[in-house]
Amino acid sequence: MSSKLYPDAQSALSGLTADNITVMSGGFGLCGIPENLIVGLRDSGAKNLTVIGNNVGCDEHGMWLVLANNQIRKVLASYVGENKILESRYMSGDIEIEFNPQGTLAERIRAGGAGIPAFFTRTGYGTAVAEGKETRQFNGEWYVMETGLTADLSLVKAWKGDTAGNLVYRKTARNFNPMIATAGKVTVAEVEELVPAGTLDPDQIHTPGIFVQRMIVGKSYTKHIERLTTRAREKN
Amino acid sequence: MAWTREQMAARAARELRDGFYVNLGIGIPTLVANVIPQGMTVTLQSENGMLGMGPFPYEGEEDADLINAGKQTITELPQTSYFSSADSFAMIRGGHINLSILGGMQVSETGDLANWMVPGKMIKGMGGAMDLVAGVKRVVVVMDHCEKSGESKFRQICSLPLTGKGVVDLLVTDLAVFEIDRKGSGATLVELADGVTLDEIKAKTEATFAVRLG
């Protein structure tokens, strides 16, 4: 079997990046983002990208690097705060943002990856989100039709991965990564630790290797914390 | 005397019941976690993929892979589980969460909620708010009664873009508590903050409401 493993982000993304493609990227805020692959995407210089993810990084971090390099034309996200460049480009009309309710976004990606073209949800009924969309009544309740999402390229981050591409995420760094892994025509994963196939417990795999085409072992994780909150130790 | 933020959170906490799974929004709702009644088991859900949210970590023990929906570092508990965003919103949209306590910009007498955007200002996005109000069994909104300008935030019709239509069951303000019937039977004033009079509420409220003060 040919290896899914590549030495670095640049080689893993080789032949996959181009102008005008749609890229999905995992993470919630900066938690669980594919740091190395995002830098690789920036270094590829691909322009006019449509980027799908819960957020678009925040000042100085994550997908902000691609944004600051003028590579993004359109964004699908649920929340884009703490991002001054995005704010100014959105207000000036240079970037289009399609706001999706977070659960709708997660389900659109899940559906896209599962071959489901559309579904109905109560979320957003009677709001601006439902404008122009088909609505239908089921059992006396109104629902909005939302479509599945896929991408030319999906970038995900896992804690551990094995040489078969099986992935395990850690704590709340899982978030959007499992669905995004299923929804890319090609999915590239970066892992903190690579182990030989057979090492991970098959019952504990979060993303089966079929969804992962290429992998790298990520380097120099910064894992920047957006809001460090702590409590004082009780005094003895 | 209007209620303080802590008093508003304490009033909202009275909606908790033993065994509830609860999602708390950002702002005053977050304070509800500090006033869960003793002896009551309440499991907090964080929509970024965690059930059983623990307190903030001790300094030096923070973990970048462990945050809540407000992106604050938190800790896990013995009963904690982690899951994907799709599973998280299956809990929310599927009606498995008992109660959500959220902040608001405006609430209408028919239970409409506006809390995600102000036209002309930078839109940050709705995050999970639209899914929460559409899916959670009971929705409590905690907000100030009036704008700083004095304008009532509890209104006949919301002037701001909606987060959900007919989704609010209870409104806790710094002045009073209103029950709202989602099916359109209207709003009822059920409680006054300490020292607040009915006349003051009538003067400061644009919404129409019945009165049933215990």
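Naming convention: chains lettered A, B, ... in sequence-line order (proteins, then strands); numbering from 1 in each chain. For the numbers below, each heavy atom of this structure counts, side chains included, while hydrogens, waters and symmetry mates do not.
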Given that the side chain runs from C-beta out, which part of [X] has a heavy atom under 4.5 Å from chain A: side chain, backbone, both or neither?
X	value
B/Asn68	backbone
B/Glu61	side chain
B/Phe89	side chain
B/Ala129	neither

Could you tell me whether [X] atom [atom1] has more than 12 heavy atoms of other residues or ligands within 6.0 Å of it?
X	atom1	value
A/Tyr143	OH	yes
A/Ile116	CD1	yes
A/Lys171	NZ	yes
B/Lys137	NZ	yes

Check whether any side-chain heavy atom of [X] lies under 4.5 Å from a side-chain heavy atom of [Y], and answer yes or no.
X	Y	value
A/Ile225	B/Lys71	no
B/Arg93	A/Glu107	yes
A/Thr230	B/Tyr58	no
B/Lys124	A/Glu82	yes

Flag the one option from [options] with the top tally of heavy-atom pairs under 4.5 Å to chain B.
options	value
A/Ala173, A/Pro178, A/Ala128	A/Ala173
A/Thr104, A/Thr172, A/Asn177, A/Leu30	A/Thr172
A/Ala232, A/Ala130, A/Ser78	A/Ser78
A/His206, A/Arg233, A/Glu226	A/Arg233

Count the heavy-atom pairs under 4.5 Å between each of [options] and chain A, then report the option with the highest count.
options	answer
B/Gly49, B/Gly70, B/Pro161	B/Gly70
B/Leu162, B/Ile92, B/Thr73	B/Thr73
B/Ala90, B/Gly164, B/Ala134	B/Ala134
B/Gly128, B/Gly125, B/Gly127	B/Gly127
B/Thr163, B/Ile123, B/Leu66	B/Ile123
B/Met117, B/Glu76, B/Gln72, B/Met50	B/Gln72

Which atoms form the tightest heavy-atom contact between B/Tyr82 and A/Arg174, and what is the distance?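 B/Tyr82 and A/Arg174 have their closest heavy atoms at O-NH2, 3.5 Å.
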
Locate the shortest heavy-atom distance separating A/Arg110 from B/Ala86; write the atom from each residue and the value.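 For A/Arg110 versus B/Ala86, the nearest heavy atoms are CD-CB, 3.9 Å.
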
Does a salt bridge link B/Glu62 with A/Lys223, judged by any charged N lying under 4.0 Å from a carboxylate O?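 Here B/Glu62 does not pair with A/Lys223 in a salt bridge, since their nearest N and O are not under 4.0 Å apart.
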
Does any backbone or side-chain atom of [X] lie under 4.5 Å from a heavy atom of chain B? Answer side chain, backbone, both or neither.
X	answer
A/Leu228	both
A/Ala77	neither
A/Arg170	both
A/Asn55	side chain
A/Arg227	both
A/Glu98	neither
A/Phe176	both

Look at the side chain of B/Ser84 and the backbone N and O of A/Asn175, then say whether any donor-acceptor pair between them is shorter than 3.5 Å.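 A pair under 3.5 Å: no.
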
Is it the case that the side chains of A/Thr123 and B/Asp131 hold a donor-acceptor pair, with the cut-off being a distance below 3.5 Å and no angle test?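 Yes - a donor-acceptor pair under 3.5 Å links their side chains.
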
Spacing of [atom1] belonging to [X] relative to [atom2] belonging to [Y], to within rounding of 0.5 Å:
X	Y	atom1	atom2	result
A/Tyr125	B/Lys165	OH	NZ	8.0 Å
B/Ile74	A/Thr229	CD1	OG1	8.0 Å
A/Arg231	B/Thr75	CZ	OG1	5.5 Å
A/Met179	B/Ser85	CE	OG	4.5 Å

Residue that, paired with B/Met130, satisfies side chain to side chain contact (heavy atoms under 4.5 Å, CB included) out of A/Thr127, A/Thr121, A/Asn100: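 Exactly one pass, corresponding to A/Thr127.
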
